[in-house]
Amino acid sequence: MALAPFAARPANTKGRAIPEPPSPGRSVYQRDRDRVVHSTAFRRLEYKTQVFLNHEGDHFRTRLTHSIEVAQLARRVARMLRVEEDLTEAISLAHDLGHTPFGHAGQDALNHCMKQHGGFEHNLQSLRVVTLLEQRYPAWDGLNLSFETLEGILKHCSIRNARKLGVLGERFIARQQPGLEAQIANLADQVAYTGHDIDDGLRSGLLELDAVLRIPLVAEHWAEVRKQFAQLDERRASLQMLRHLVDTLVRDMVHTTRERLSTHMPASVDEVRRAPPLVGFSPAIEQGLKPLRSLLFKRLYRHPRVVEQMQAAQRVIAELFDAYCAEPAQMPEQHSLRARGVDALQRTVADYIAGMTDRYALREHERLFGPQVAQALTMR
Ligand code: MG
């Protein structure tokens with residue numbers, strides 16, 4: 001199927017920071033996708049928390065499976081809207097590369113540690129990973145990805161940080177949007193975690209089905225499933241309900257985006273950039289999602305058991321940070337040697353900690369502080 005006029009096109013890429021000859025058999029965006037998949041940071045996502053700590057059960061989502069779900073949803077939407085599927089996939093697979101261990105608790109803790117030293121933000125960190133921290137090519141640091149993939153990875157950014165980022169930062173200063181592929185990956189992220197966090201929440205027993213079914217948007221789909229499969233056990237019925245819900249979100253996103261596209265009629269990627277956000281949900285779905293988000297927030301992300309674990313995890317991050325800052329030689333040589341210049345020690349330590357998997361952070365904490373906290377965290 002032909003690409004839409006507002007789609008990114010490999011032939012029109014703004015290119016890579018360091019020009020490279022084309023690779024036979026793959027487009028520039030397919031090559032970006034391959035580089036992301038082969039990166040060390042991508043493999044580490046397997047052992048990083050989404051909501052539940054990695055050792056709490058083998059069936060919960062991790063950052064890796066989350067990223068794969070995002071990519072699969074985003075590609076479906078990209079096909080339906082006739083935009084560049086490979087670029088959408090590359091952005092989706094890379095979007096969480098900068099996540100710390102222990103999910104959002106880890107990021108909050110690291111941001112707190114870095115308060116006086118420029119802060120820490122996982123989205124900006126994803127960019128650091130692919131432009132600097134991956135060291136696997138002979139002639140450059142990072143993955144030397146194309147401009148469009150980098151633009152998509154950097155979802156949001158403060159104006160202060162944007163000023164330091166050159167061409168990549170320009171759109172934040174000019175208040176422009178990224179291309180449609182990036183906008184799709186961004187919203188597909190929300191669809192993916194809404195669906196799978198409910199699933200993981202129910203599976204863990206922390207979230208009660210009754211509470212979820214009090215949300216009108218969910219109840220609607222539950223009633224449909226019950227009408228069709230009256231005898232189905234609760235587990236399968238709730239999975240079927242989630243399937244319906246995710247499908248509704250995807251269709252709504254495609255429908256709403258098509259409507260906005262027909263209003264604004266962008267004839268190129270640059271016109272997409274200058275238009276208001278084009279990818280989105282309808283007002284009805286936005287409204288419907290609100291109580292669901294607040295339920296997930298209150299009953300799952302802020303569940304006492306999750307909070308207790310996350311507080312311990314934050315302690316691990318904070319204590320590791322202080323320990324490495326006090327004694328950089330506790331870090332492997334390639335990290336400790338980079339620690340020169342203003343704020344450079346703290347930034348180097350933050351990079352090192354952000355790259356850790358949950359279990360590696362716990363092992364390091366155990367090595368430096370003894371087994372107490374690490375054991376408490378891994379006991380169920
Ligand atoms: Mg995500």
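For this chain, numbers begin at 1 and follow the sequence in order. Quick caveat: nothing in here was measured; it's all calculated off a predicted structure. Both ligands and their constituent atoms are indexed starting at 1 by order of listing.
At a cut-off of 2.8 Å, His99 is not counted among the residues with an N, O or S atom near the Mg ion (ligand 1).
Using a 4.0 Å cut-off between a side-chain N of Lys or Arg and a carboxylate O of Asp or Glu, Arg35 and Asp32 do not qualify as a salt bridge.
The N, O or S atom of His66 lying closest to the Mg ion (ligand 1) is NE2. Considering just the N/O/S atoms of Asp189, the one nearest the Mg ion (ligand 1) carries the name OD1. The nearest N/O/S atom of Asp96 to the Mg ion (ligand 1) is OD2.
Aromatic ring centres of Tyr47 and Tyr360 lie farther apart than the 6.0 Å criterion allows.
In this pair, Phe297 and Tyr301 present their aromatic rings perpendicular. The plane angle is above 60°, beyond the 30 to 60° band. The aromatic rings of Tyr193 and His66 sit tilted, their planes meeting at an angle between 30° and 60°.
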